[in-house]
Amino acid sequence: MDNWEIAKILSDLSFYLEMEDEPFKPRAYEKAASAIEALDVPLQDIYKKQGIKGIEEIPGVGVSIAEKIEELLKTGKLKYYEQFKKKYPLDLDSLTRVEGVGPKSLKKLYEKLKIKNLADLEKAAREGKIRKIEGFGEKTEQNILKSIEFLKQGGHRFVLGFIYPQVESIVTRLSKLKEVKKITAAGSVRRMKETIGDLDILIISDNPMPVMDYFVNLPDVFQVVAHGETKSAIRLKNGLDVDLRVVPQESFGAALNYFTGSKDHGIHLREIAIKKGYKLNEYGLFKNQKSKIKNQKEIRLAGETEEEIYEALGLDYIEPEMREDWGEIELAAKHQLPKLIGYNDIQGDLQIQTDWSDGANSIEEYVREALKQGLKYIAITDHTKSLAMTGGCDEKKLLKQMQEIDGINRRLEKEGIDFKVLKSAEVNILKDGSLDIEANVLAKLDLVAAAVHSNFNQSKKEMTERICRAIRNPLVDIIFHPTGRVVLKRPPYEIDIEAIISEARKNGTCLEVDAYPDRLDLKDEHIKKAIEAGVKLSIDSDAHSTTHLNYLKFGIAQARRGWATKNDIINTRLWSEMLKLIKANKRKK
Ligand code: DGT
Ligand code: CA
Ligand code: CA
Ligand code: ZN
């Protein structure tokens, strides 16, 4: 069993337990699920090497959950889980995506109206049956319909960072076959788009049939859509479609370029080819040889690698994340492409929630994990007091945390470890744009981040002014997840993003690229605009568990999609230089 499968079961269990009104347990299961989802070592391997003890060491996994994981790893099943599935035969995958219906409401809806899936829910809402149930009103009914509408618009897409472990597991399994000479994921996955519609895989193989047979028999296949020698397609149980294509070595680059897309980028490249008198398709770049004889002969100019295709078209190589036809082809022709930030360029993580608020791990545990990942510093940004459900810090608690951090830094220094913990907080921006922590305490922090966590429904004017006021606050260094969206789940708050970017530039305040897979906030287009305006950005994991540090790469990917260079991102610098830069920019205003 793969990590993501186990994480999914734990997350479903959290939901069932909440339906049953169990205290504490649901949160524990959710935390364990979220930690395992981001874990980069297979649980199987941990279990093989260290047994159940190794499982218990995963953040947020206690004895009881470890035992359940052991049962899953040993038998592929979990009795505890099967019981719940029988009791509540609900399609949780889709129902849990509807905003405003939690476990308790779903339980009621199931008991009173036999609602089991999204179609049942929509029908009942349209027929006005939901408003009649105690605890639900007309407004809830309307919100349910609105949310279903939003989900439908998104089509059946998957958040890249959450589906990534599955993508990697499929590619890895295939790559181990001896018949596979080369393998790459193409499409939106290669472009690292925030969501993907399906997974497109390309391979080179001289003997593809055994590969295809293996592919259509992968463990999570729900349906075989096609099974041929050059192309096969499957649908997995979770709804993800996977296409597998075999291409000849000599045209691998052309096929990779075609199937990486985007469609707009590909079409634009073909136009350039035509203007040069060439022909570009998924087999290669060709030129018609002028000849007096009738039979014209096609000459292959390029095709085995993408690099040679771009070169033959007179373009610099364009990174997959930039291939959206947002102007990258024009820049490539002028040899003016930005040098994108690299996946190893981040030196520190500036958004981390610890067990001082709603994170699963202690500051020390984050330090150890960050060191393992090669980071040089982290900023501790626990929530603050007005976000009561997270156990947010008040002034007193923050001051106490600062002392602890001082102690940790002293110890690191004494042990000769080159690592720094920065004192920070994710301070709430209140309804009127003021902050929920006193200025004299904020002034003691190394770095102040502010974010909106309440009153999401303000008008565009109010919300924009609220955030702009925080941007103008001389104590605020960074605005976290500036638009508040949750990918495929919640639209951004009503804001004027241009106004926010311009205010940030004027005040030297940084904006964040939150790397958490379903936040990615700012998103690519906004990142591009912010950079054009000269705003500095940070890329942060928004970790609530040490395993979430692995999510930084999705923030980097988003930044690359927004054409960010190393220089645009503040935390590619040493911590001391980063702080100097932030403070200097803030002072300029
Ligand atoms: P997705 O799967 O919706 O997240 O997005 P993509 O970009 O992976 O799109 P997909 O899977 O439909 O097709 C993969 C690539 O194949 C796409 O990025 C570009 C290429 N492609 C597909 N259809 C066309 C087409 O009609 N014209 C051209 N030029 N390219 C196409
Ligand atoms: Ca695709
Ligand atoms: Ca496809
Ligand atoms: Zn939090």
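Every number for a ligand or one of its atoms is a count from 1 in the order of the listing.
Listed by number with element, the atoms of ligand 1 under 4.0 Å from a non-hydrogen atom of Gly187 are 8 (O). Atom numbering of ligand 1 starts at 1 in the shown order; those under 4.0 Å from a heavy atom of Arg270 are 28 (C), 29 (N). Each of the following atoms of ligand 1 lies closer than 4.0 Å to a heavy atom of Phe259: 14 (C), 15 (C), 16 (O). Close contacts of ligand 1 with Ile267, meaning ligand atoms under 4.0 Å from a residue heavy atom, involve 29 (N). Short contacts between ligand 1 and Asp198, defined as distances under 4.0 Å to a heavy atom of the residue, involve ligand atoms 2 (O), 11 (O). Taking every heavy atom of Thr260 and a limit of under 4.0 angstrom, the matching atoms of ligand 1 come to 18 (O). Which parts of ligand 1 touch Arg191 is read off a 4.0 Å heavy-atom cut-off, strictly below it: atoms 7 (O), 18 (O). Atom numbering of ligand 1 starts at 1 in the shown order; those under 4.0 Å from a heavy atom of Ile196 are 4 (O).
Judged purely by distance below 3.5 Å, without hydrogens or angles, the side chains of Glu37 and Asn3 never pair a donor atom with an acceptor atom. Checking His481 against Gln351 by side-chain atom types alone, no donor-acceptor pair falls below 3.5 Å. A donor atom on one side chain and an acceptor atom on the other are found under 3.5 Å apart for His548 and Ser34. Side chains of Gln558 and Asp521: no donor on one and acceptor on the other come within 3.5 Å.
Atom OD1 is the N, O or S atom of Asp198 at the shortest distance from the Ca ion (ligand 2). The Zn ion (ligand 4) sits nearest to atom NE2 when only the N, O or S atoms of His544 are considered. Note on Asp200: its N/O/S atom closest to the Ca ion (ligand 2) is OD2.
For Tyr366 (side chain) and Ser545 (main-chain N/O), a donor-acceptor pair under 3.5 Å exists by modelled atom type. No side-chain donor-acceptor contact under 3.5 Å links Arg245 to the backbone of Ile201. The main-chain N or O of Gly284 is found under 3.5 Å from a side-chain atom of Asn281 such that the two form a donor-acceptor pair. A side-chain donor-acceptor contact under 3.5 Å links Asp436 to the backbone of Ser386.
Of the charged side-chain nitrogens involved, none lies within less than 4.0 Å of a carboxylate oxygen, so that Asp264 and Arg323 do not count as a salt-bridged pair.
Backbone or side-chain N, O or S atoms of Asp243 do not reach the Ca ion (ligand 2) at under 3.0 Å. Counting backbone and side-chain atoms alike, Asp358 contributes an N/O/S atom closer than 2.8 Å to the Zn ion (ligand 4).
Contact between Lys263 and ligand 1 is present, with at least one heavy atom of the residue lying under 4.0 Å from the ligand.
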Q: Please lay out, stage by stage, how Tyr258 and Tyr283 fare under the test ring pair (Phe, Tyr, Trp, His ring centres under 6.0 Å).
A: CA-CA 9 Å; Tyr258 179 89; Tyr283 305 103; 9.0 Å; no
**Q.** side-chain contact (heavy atoms from CB on, under 4.5 Å) assessment of Arg561 paired with Lys528
**A.** CA-CA 8 Å; Arg561 291 181 52 83; Lys528 191 161 174 279; over 6 Å; no
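Checked by distance only, ligand 1 and Ser188 come closer than 3.5 Å through their nitrogen or oxygen atoms. Taking distance alone, with nitrogen or oxygen atoms compared against 3.5 Å, Thr195 stays at or beyond that limit from ligand 1. Polar contact check, Gly197 against ligand 1: a nitrogen or oxygen pair lies under 3.5 Å apart.
The two residues Lys397 and Gly391 have their closest heavy-atom pair at NZ-O, 2.9 Å.
Here Asp200 has side-chain heavy atoms under 4.0 Å from ligand 1, and that is the only part of it that gets that close. Here Arg157 has side-chain heavy atoms under 4.0 Å from ligand 1, and that is the only part of it that gets that close.
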